[in-house]
Structure formats: C-alpha cells, structure tokens
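Following: one structure in structure tokens, then a few remarks.
As a basis for the values below, the full set of heavy atoms in this structure was taken, side chains included, without hydrogen atoms, waters or symmetry mates. The shown structure was predicted, so the numbers you read here are calculated from the model rather than taken from an experiment.
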Amino acid sequence: FTWWKRSTEGSIFTQQVPVSTGATNILTNAIDLSSNGWQLSVNLPILSSKNLTWDFTANFGHQNSVFDKVQGGVIQLTSFAGSTGLAIVEGRRIGEIFGYKALTSVGQLRADKTPFIAAADQSKYEIAEGKVVNKLTKSIFFSDEAESFGNPNPTLVSSFINTLNWKGIVTLGFQFD
C-alpha cells in the first residue's frame, strides 16, 4: 500500500504577454499544484503444482491533482477539438475539459448577470429542441463563456495480472485493466 500528498509551488510555464511588453511570451513560475492519492497491490499464488503455477496480482489506485494557483488567470491550452479544450484554471482538476454550451433560454445570463443576447435582439431567436436558435439562419447560439464539461480522469483505476508458468519452460502473462 502506498499513499502520497505532494505539492509544487512556482511550476515553470510559458505564458503569453501583451506584445506591447516587447515579447510574445515569458517563462515564469506561474502555477502551483497539488496531488494526492493511493495505490494498493495484492499478490496471490492461485495454483502451484508440479507442472503448473498460476500467480494473480490485483492493483487498485486513485489520484487527484488540482491547480492551486494560476498566475495571470486562466491559461488556455492549444486544442484541435473544435469548441472544447483543456485549460489551466485555478481550483480545478488537472485534465478537466472545458467548452462552450448551447444556450437553453433566450434570456440566459452570463456569470456577470448580463444577457448573452441583447434584449433588443432576443426577438430574433427561438427555442428549437431545447436550444436557442436564430430564427433566420437556424444556427444554434453558443455561450461565449467556457464551462467545465467534466473531468475525464477515472475515480478508480485497476489492473488484474495473471502469470501462468508450465514446467518452468513456458510463461504466459496477461493483464486486464
């Protein structure tokens, strides 16, 4: 059994800066992060005879990593996944996917309580199949604020490893994750 809790302060990262500074980016200690988790391994000799041995190992683990501090605000990472991508966001888990959701109400508000669609333009939109669409073009109206779509990291990982040995000559190993 192993467990850990560790943190890194001032992790080096290249950040973009305004061109008016004379550079396009700087290498700086921009990110603090922390990680914790555990791993457990169980080894069992299932069979031991004159001609055949069978050993079984089960591994289980869990880990959680979080960006504790991000200097300069949200850092968008390059993505070729359309409207979704990865970002370094303070207080969020590493690997969390962010993207833009379709509006579900013509009067829907941003985080700062201002409407996505100006009141004067709201009559140009309607709800179709639960989403806000332009009446003329029928195009879906998406938020301009990135939201978390969730964390793709598994809560628990496991692997089951089998090793069969015949007469000490041939060994067959296979694993299920």
Exercise for the section: Please indicate whether K5 has more than 12 foreign heavy atoms, meaning atoms of other residues, nucleotides or ligands, lying under 6.0 Å from its NZ. Expected result: no

Exercise for the section: Flag yes if more than 12 heavy atoms outside Q16 fall under 6.0 Å of its CD atom; otherwise flag no. Expected result: no

Handout entry: Rounded distance (nearest 0.5 Å) linking atom CG of L52 with atom CD1 of I46
Key = 11.5 Å

Practice task
Write down the atom of P152, the atom of E96, and the distance for their closest heavy-atom approach.
Solution key: CD-CA, 4.1 Å

Handout entry: Exceeds 12 heavy-atom contacts within 6.0 angstrom, atom CH2 of W4
Key = yes

Exercise for the section: Show the numbers, then the answer: is there a side-chain contact (heavy atoms from CB on, under 4.5 Å) between V19 and T21? Expected result: CA-CA 5 Å; V19 179; T21 64; over 6 Å; no

Exercise for the section: Answer with yes or no after comparing the ring centroid distance for F160 and F60 against a 6.0 Å cut-off, counting only values under it. Expected result: yes

Completion exercise
dist E90:CD -> Q71:CD (nearest 0.5 Å) comes out at 10.5 Å

Practice task
Take S7 and S34 through the side chain to side chain donor-acceptor pair (under 3.5 Å) test and state the conclusion after the steps.
Solution key: CA-CA 4 Å; S7 62; S34 61; over 6 Å; no

Exercise for the section: Treating Ile, Leu, Val, Met, Phe, Trp and Tyr as nodes and any side-chain heavy-atom pair under 4.5 angstrom as an edge, say whether I127 and Y125 lie in one connected cluster. Expected result: yes

Handout entry: T104 side, atom OG1; I140 side, atom CD1 - distance, nearest 0.5 Å
Key = 12.0 Å

Practice task
Check the angle between the aromatic planes of F1 and W38 and answer parallel, tilted or perpendicular using the 30° and 60° thresholds.
Solution key: parallel

Practice task
Output, in order, the C-alpha distance, side-chain angles, deciding distance and verdict of side-chain contact (heavy atoms from CB on, under 4.5 Å) for R92 and S148.
Solution key: CA-CA 9 Å; R92 303 309 290 247; S148 173; 3.4 Å; yes

Exercise for the section: Tell me yes or no: between the side chains of N43 and T57, is some donor less than 3.5 Å from an acceptor? Expected result: yes

Practice task
For N64 and R93, test the side chains for any donor-to-acceptor distance below 3.5 angstrom and give the result as yes or no.
Solution key: yes

Practice task
May I ask you to check whether W54 and N162 show a side-chain donor-acceptor distance below 3.5 Å?
Solution key: yes

